[in-house]
Asker: 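Structure below; questions to follow.
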Amino acid sequence: MEGLTLSEAEQRYYCDLFSYCDTESTKKVAPNGRVLELFRAAQLPSEVVLQIMELCGATRLGYFGRSQFYIALKLVAVAQSGLPLRVESLNTVKDLPLPRFVGPKNEQELRHTALYSSDADNSTPYSGVIPPPPGRVQVKKGSVSHDAVQQRTSTDQQESTSPVVSPQQSPPTSPHTWRKHNRHPSGGNNERPLAGPGPFWAPFSEAQPGSSTTGDSIWSGHSPPPHQENWVSFADTPPTSTLLAMHPASVQDQTTVRTVASATTANEIRRQSSSYDDPWKITDEQRQYYVNQFKTIQPDLNGFIPGSAAKEFFTKSKLPILELSHIWELSDFDKDGALTLDEFCAAFHLVVARKNGYDLPEKLPESLMPKLIDLEDTTVVPVISEVGDQSGEVGYSSSPAEAPPSKSPSMPSLNQTWPELNQSSEQWETFSERSSSSQTLTQFDSNIAPADPDTAIVHPVPIRMTPSKIHMQEMELKRTGSDLANPTSPLLVKPPDLSEENNMSSSKFVAGNTVADGYSSSDSYTSDPEQIGSTVTRQRSHSGTSPENTAPPPPPPRPHPSHSRSSSLDMNRSFTVTPGQQQAGVVAYPPAVPPRPPPSQGAGPHVHRSVDAESLITHTSTSPQQIPEQPNFADFSQFEAFAASGVNEEEEDEIETHSEVLQVEKPSDSAGSLRVAKTDGRVEDKAAASVPVNAGKGTTPLAPPPKPIRRRLKSEDELRPEVEEHTQKTGVIAAVLASQPSIPRSVGKDKKAIQASIRRNKETNTVLARLNSELQQQLKQHQP
Amino acid sequence: MAVCIAVIAKENYPLYIRSIPTENELKFHYTVHTSLDVVDEKISAMGKALVDQRELYLGLLYPTEDYKVYGYVTNSKVKFVMVVDSSNTALRDNEIRSMFRKLHNSYTDVMCNPFYNPGDCIHSRAFDNMVTSMMMQVC
């Protein structure tokens, strides 16, 4: 074993080769395995190989030690340079080129010598790949992109070897090999991003010939940049013939060469690629190219490409529309009809793939998914669109909250961090997915289910109201609100109404809107105008009036003797009747229950008042005969009865008169509270006249009073359903109140009349109240 | 659940029609065609009401002894018709509605594709997949 002097390059190269062959790291390599492969790759005749092995002493040792290995390599170089194999030649031959090894290692890009060790390291996982001599073969390491730059400098040296090299670098004929090319980190061709895709992109751009020739020139001028080759290989390798038309002829020539040579390497390449990357990964230069293309359409990298522009662009690729449609479907991740940068790159990549004959996937590959690390986005895994994207253009991310960590500078670190990133991002993503999903949102958006207006919650419509009306509405609201909770609310509401003289509406409403339907009031509010006249649906009509903005609530109808059962009819008619009309004019009374004879009879007629056109005419007539005609005036009669009973028993004429007055008063009171119109004067007169009369009657009807009341109540009930409810619940007073509201409801017309009647009633009330007090005093005096 | 799903264009020609028991396809085609009359009737019944107020889901168009036909119209007068097997008793109205909603969403996605010209037949694979998922639930 002679001493071996190796140049620095040789030293390094041999060291790498040795490391490569030394799979077991035993510092000695057996002739089998990689060494043999290596020697075979040297493309030397087998005898020569044997000779070399003999010379280096491996045969003696049975293995290749490092020195033997180095000697062998040197001898290979010697043999390849055509010199006779002599041991002496090892040291004598100067400037011996490094041994060339054709074969699997050819895929690797040329590396700068300085990077040689790293290449060797990286290449170890490669099966059957031998790191090419520096500057000789472009070594493509899938992972190390930074090598690319340095490699370029060495590519220039390879001109002479390019014809030889090219086969080594020949693009794989199989999809796997294509993928491997894809995977290559740009192979140092960042500087010529456009040139690379240029020839491929011929159909896409008008300047096709120029670009293709450029590519060719570059290709011939330098060791073909790997990515260019890749690109061209994309164009070349596809089994489909369609692509051939795209390629410049020169490229095709080389293609053939490459394809032939690459056949042998296909397996290794396949192995390599599958062990590494996702076939759909986008390499650096590819991405760069895509970005540039994106910029031509949309200068803002964070902006969108509208669908129409994208359509034009991709149509240039001459793919069938159906496939383009599918590509769009895959790549438009958020289904917004526009492409972000990521989506565009994915689409472009898919087009490239399709052009190269690869079938489109059914679902978007992970590596192409846009990075949507965004709370607003639904997506999924943040993808490292390319391994080792070192350009660090965070702008690539479609979403502002892009996670830069996904781009790690080096493959190994990337591989290590990827799982964690993946997990964390996935977790994060899934969280965001759960929290908010744009896709779901878009679905919602497109989910046009118009809110059915009918199902809208009915709520009271605000209305301008007169004070009385306001009060009425308040009561109404109170009732509706409380109705839900407290069915007795109307009851609660009523008593206050009694006391309120001016709130005919309140009493009316209290009566009307009962109970049964808390919502009716709200309904009535909204549906008011229609229901004013309809007394049939009392409840609604009750509430119906409230929303009448213009008309103040009509005074509650005074219980009208003429009113009997069909109060609705009565009311209508009564409303139509002029205010001046007396009871006779009022309505056809339904056959009234024969009133209980009378104490109230005397007072009845007195109290009789002509109801307003709208309202029930409350008869405060003291005449008993009129009592039956005043079913609504049960209250009055009741009062009359009370007054009569209270007074009559005690008194003589005075009492009677008082009672009459009382009776008059009472009915008038009730009438007043019922908001009956007019009859003020009459009442007063009658009151004065009837007091003595009533006084006499006062006591007697004590017992009976309840009956007529009840009867009247009953009649009232017949008249008004709401009144029924009221009466059921409440006492007479309630009934009275109930009776009243029904009348004014239909009013709306005689606002002023009603208001006038209200005033009159108030006056009457005060008068009667005075009288009442006097009579009460008398009663007390006379009572034992 | 559905045995046949069809998307019909505004001019009443089918954009997409697919049925599960392939031997009876003609029958389903015929059924869908006849149901268009009912759809038109329901649309016109809305009449004066604005389109906005018209609900997209038309509901049961008509039942036969074997199956029921449901309809759905979009605002652009594209109709979806779904034929379901009557033996599927558990199929509630809500489910039908949700199926139509999904159909509508997928159709919208198809529309968003710039390479799709309105009026063309729908070849979208995503749409196909969605329809398959809806139909395969039966079998």
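Values below: all heavy atoms of this structure, side chains included; hydrogens, waters and symmetry mates excluded. Letters go in sequence order (proteins before strands), and every chain restarts at 1.
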Asker: Only counting residues at least two apart or in another chain, list the ones meeting side-chain contact (heavy atoms from CB on, under 4.5 Å) with A:Leu322.
Answerer: B:His123
Asker: Is A:Ala338 close to chain B through its backbone or its side chain, or both, or neither, when contacts mean heavy atoms under 4.5 Å?
Answerer: neither
Asker: Are there residues of residues 4-16 of chain B that reach to under 4.5 Å of chain A by heavy atoms, and which ones?
Answerer: none
Asker: With salt bridge (charged side-chain N to carboxylate O under 4.0 Å, His left out) as the rule and sequence neighbours excluded, what pairs involving residues 121-131 of chain B come up?
Answerer: A:Glu362-B:Arg125
Asker: So does B:His29 have more than 12 non-hydrogen atoms from other groups sitting under 6.0 Å from NE2?
Answerer: yes
Asker: Just to be sure I understand the criterion: a residue of residues 112-121 of chain B counts if one of its heavy atoms is under 4.5 Å from a heavy atom of chain A. Which ones qualify?
Answerer: B:Cys112, B:Asn113, B:Pro114, B:Phe115, B:Asn117
Asker: Please check if the number of heavy atoms outside B:Tyr30 that lie under 6.0 Å from its OH is greater than 12.
Answerer: no
